[in-house]
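Values reported hereafter were calculated over all heavy atoms of this structure, with side chains retained and with hydrogens, waters and symmetry mates removed.
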Amino acid sequence: MNFSENLRLAWSCVKSNKMRSILTMLGIIIGISAVITISTIGSSLRDTIQKTFSDLTGTNQLAIYWYNPEYGIDSDALFTFDDIEEFQKAFDGMVSTAFFLTPSLGSTTTYEENGKKANIDIVGSVQSYALANNVDVLMGRDINLKDNKDKRKVCMVSDHFVKYALGGMKNPIGKRLEITTSDGQVISVYIIGVYKHKQSQLINMGQAGTKEEDNATDLIVPIQLVWDTKNIPSYEQGSFILYFMNEPGVDMDLLKENTKAYVRRTMSKRVDPKSSVRLESLEEQLKAINTVLNVITVAISIIAAISLIVGGIGVMNIMLVSVVERTKEIGIRKALGAKNKVIEMQFLVEAVLICAIGGILGILLGLANGILISVIVKQIVQSHETLSMLTVSVSPPIMAIIVSFLFSSLVGVVFGLYPARRAARLSPIDALRYE
């Protein structure tokens with residue numbers, strides 16, 4: 001008796017006892033669907049974090065700083081404009097840009113002109129704001145290092161600002177803006193560029209439920225203007241952390257080693273001898289987050305998979321009942337020359353078939369649950385302004401699906417083996433006499 005005949009016979013037995021077969025599969029279905037649901041949610045959460053960071057800043061940002069074991073980041077190790085220039089020259093072709101974290105000039109303020117207004121956050125930039133924040137420059141140009149060194153009073157605004165504060169002016173380049181900051185200071189700047197804001201730039205925990213025109217966007221000025229307006233002394237003008245972005249295709253390990261070696265060589269005389277250079281990348285941070293999520297997902301999935309043991313016991317129980325019900329059939333087959341291995345394979349195939357069908361149904365139910373939950377979350381996120389920065393991704397886990405199916409079949413083998421062997425070891429004489 002070949003495998004196809006065993007499979008056909010097993011299928012006919014499953015069909016002839018539909019309700020019993022479904023109830024037997026129930027434990028497998030619940031266990032597999034729970035695993036797939038959790039895996040789908042975990043995988044979707046992982047991809048959501050990855051895509052959100054990619055949309056906001058890209059994943060090729062690195063940060064380098066001096067760290068002192070006694071008090072943390074070394075505040076004496078300031079990176080300056082000159083350091084940025086020299087750094088970019090040294091790593092030309094490997095680094096696309098270098099910059100400091102953009103500081104804010106006070107809290108959100110309102111710019112008004114001719115009855116029109118827009119809320120803005122005035123932030124300082126060394127250079128490459130658009131590149132660092134993954135936004136497009138629609139018109140003009142970005143703030144650059146020369147704007148800072150020459151102390152130019154210029155700015156880059158969002159298309160949102162142009163629409164609501166300037167009435168949708170077609171070409172605002174060169175327009176003079178007189179802005180009163182949140183702490184009462186007045187600064188005059190000229191527009192040199194317009195960038196396209198992304199929804200993420202409208203995220204502010206205090207903006208939930210506000211109208212679109214009331215949301216605040218960044219108005220970018222040279223960081224030097226922020227320092228001068230705040231009266232920051234020259235010896236404090238700089239940053240403890242230097243951020244930079246690698247060019248595509250660059251060997252990251254080599255870049256990291258060369259960068260640390262360069263910073264040690266050029267700045268060691270300015271810092272505490274106990275301080276050491278540290279370098280972190282956004283990609284590594286994302287990997288760490290993904291590792292934590294993977295561990296949590298696997299741990300919860302294992303807990304959920306415990307129900308498969310209950311399902312397997314149910315399969316074994318039903319298969320033992322089936323052996324008792326078909327004792328005379330087994331006796332007849334043995335009397336006609338069927339070997340023990342043939343009988344054993346017949347019942348084993350039936351157990352595996354029940355578990356495999358339960359596994360497939362569990363996978364489909366789990367995918368439906370995971371996708372439904374992810375879609376609901378996506379709708380909630382998109383309708384909520386404070387969460388709309390998230391790029392929600394629904395990602396069914398292919399590997400988890402394959403493993404779940406194989407595991408459900410393995411449950412059939414493990415828990416079907418004992419009933420199959422019991423059937424195979426029945427004495428043909430006793431089996432034929434069984435009523």
Side-chain angles (χ1 to χ4, degrees), residues 1-39 301-334 336-369 396-426 428 431:
M1 195 175 196
N2 57 34
F3 178 76
S4 61
E5 290 175 337
N6 276 326
L7 191 61
R8 188 167 59 252
L9 182 60
W11 176 243
S12 65
C13 290
V14 170
K15 286 198 301 181
S16 62
N17 298 282
K18 293 186 181 68
M19 182 57 68
R20 188 171 75 181
S21 297
I22 291 172
L23 292 174
T24 304
M25 295 174 191
L26 202 56
I28 303 296
I29 293 172
I30 293 172
I32 294 295
S33 65
V35 171
I36 296 298
T37 299
I38 293 165
S39 298
S301 297
I302 290 173
I303 294 171
I306 292 174
S307 59
L308 288 174
I309 298 175
V310 178
I313 293 171
V315 171
M316 184 168 63
N317 185 41
I318 292 301
M319 291 307 300
L320 287 171
V321 172
S322 181
V323 169
V324 173
E325 290 178 345
R326 294 158 63 186
T327 299
K328 183 163 281 191
E329 175 195 331
I330 294 169
I332 293 172
R333 291 187 65 190
K334 281 200 165 189
L336 293 175
K339 296 182 179 179
N340 287 352
K341 287 186 177 180
V342 174
I343 302 296
E344 184 177 315
M345 183 58 66
Q346 176 190 342
F347 283 90
L348 191 59
V349 168
E350 185 175 335
V352 172
L353 180 63
I354 289 173
C355 289
I357 294 173
I360 292 171
L361 293 176
I363 289 169
L364 295 175
L365 180 60
L367 286 174
N369 289 339
I398 303 301
M399 185 55 66
I401 292 172
I402 296 172
V403 171
S404 295
F405 178 74
L406 294 176
F407 191 70
S408 64
S409 301
L410 181 63
V411 168
V413 173
V414 172
F415 289 94
L417 193 59
Y418 172 70
R421 285 187 174 178
R422 182 170 178 176
R425 291 172 182 172
L426 283 175

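If you take CD1 on I28 and OG on S408, they are separated by 7.0 Å, rounding to the nearest 0.5 Å. Taken to the nearest 0.5 Å, the CD1 atom of I22 stands 11.5 Å off from the CD1 atom of I354. With rounding to the nearest 0.5 angstrom, the CD1 atom of I357 is 4.0 Å from the CE atom of M25. In this structure, N317 CG and F415 CZ are separated by 12.0 Å, a value rounded to the nearest 0.5 Å. Rounding to the nearest 0.5 angstrom, the gap separating the CD1 atom in I29 from the CG atom in L364 is 10.0 Å.
Put simply, the residue from V411, V414, I360 that forms a side-chain contact (heavy atoms from CB on, under 4.5 Å) with C355 is V411.
By the side chain to side chain contact (heavy atoms under 4.5 Å, CB included) test, L367 pairs with I36, T40, I363, P396, I401, sequence neighbours left out.
Taking every heavy atom of both residues into account, G412 and A351 meet most closely at O-CB, 3.6 Å. Heavy atoms only, all atoms of each residue included: G416 and L348 are closest at C-CD1, 3.8 Å.
The neighbour count for M316 CE, taken as heavy atoms of other residues, nucleotides or ligands under 6.0 Å away, is above 12.
When side chains are defined from C-beta on, L406 does not count as touching L410, because their heavy atoms never get closer than 4.5 Å.
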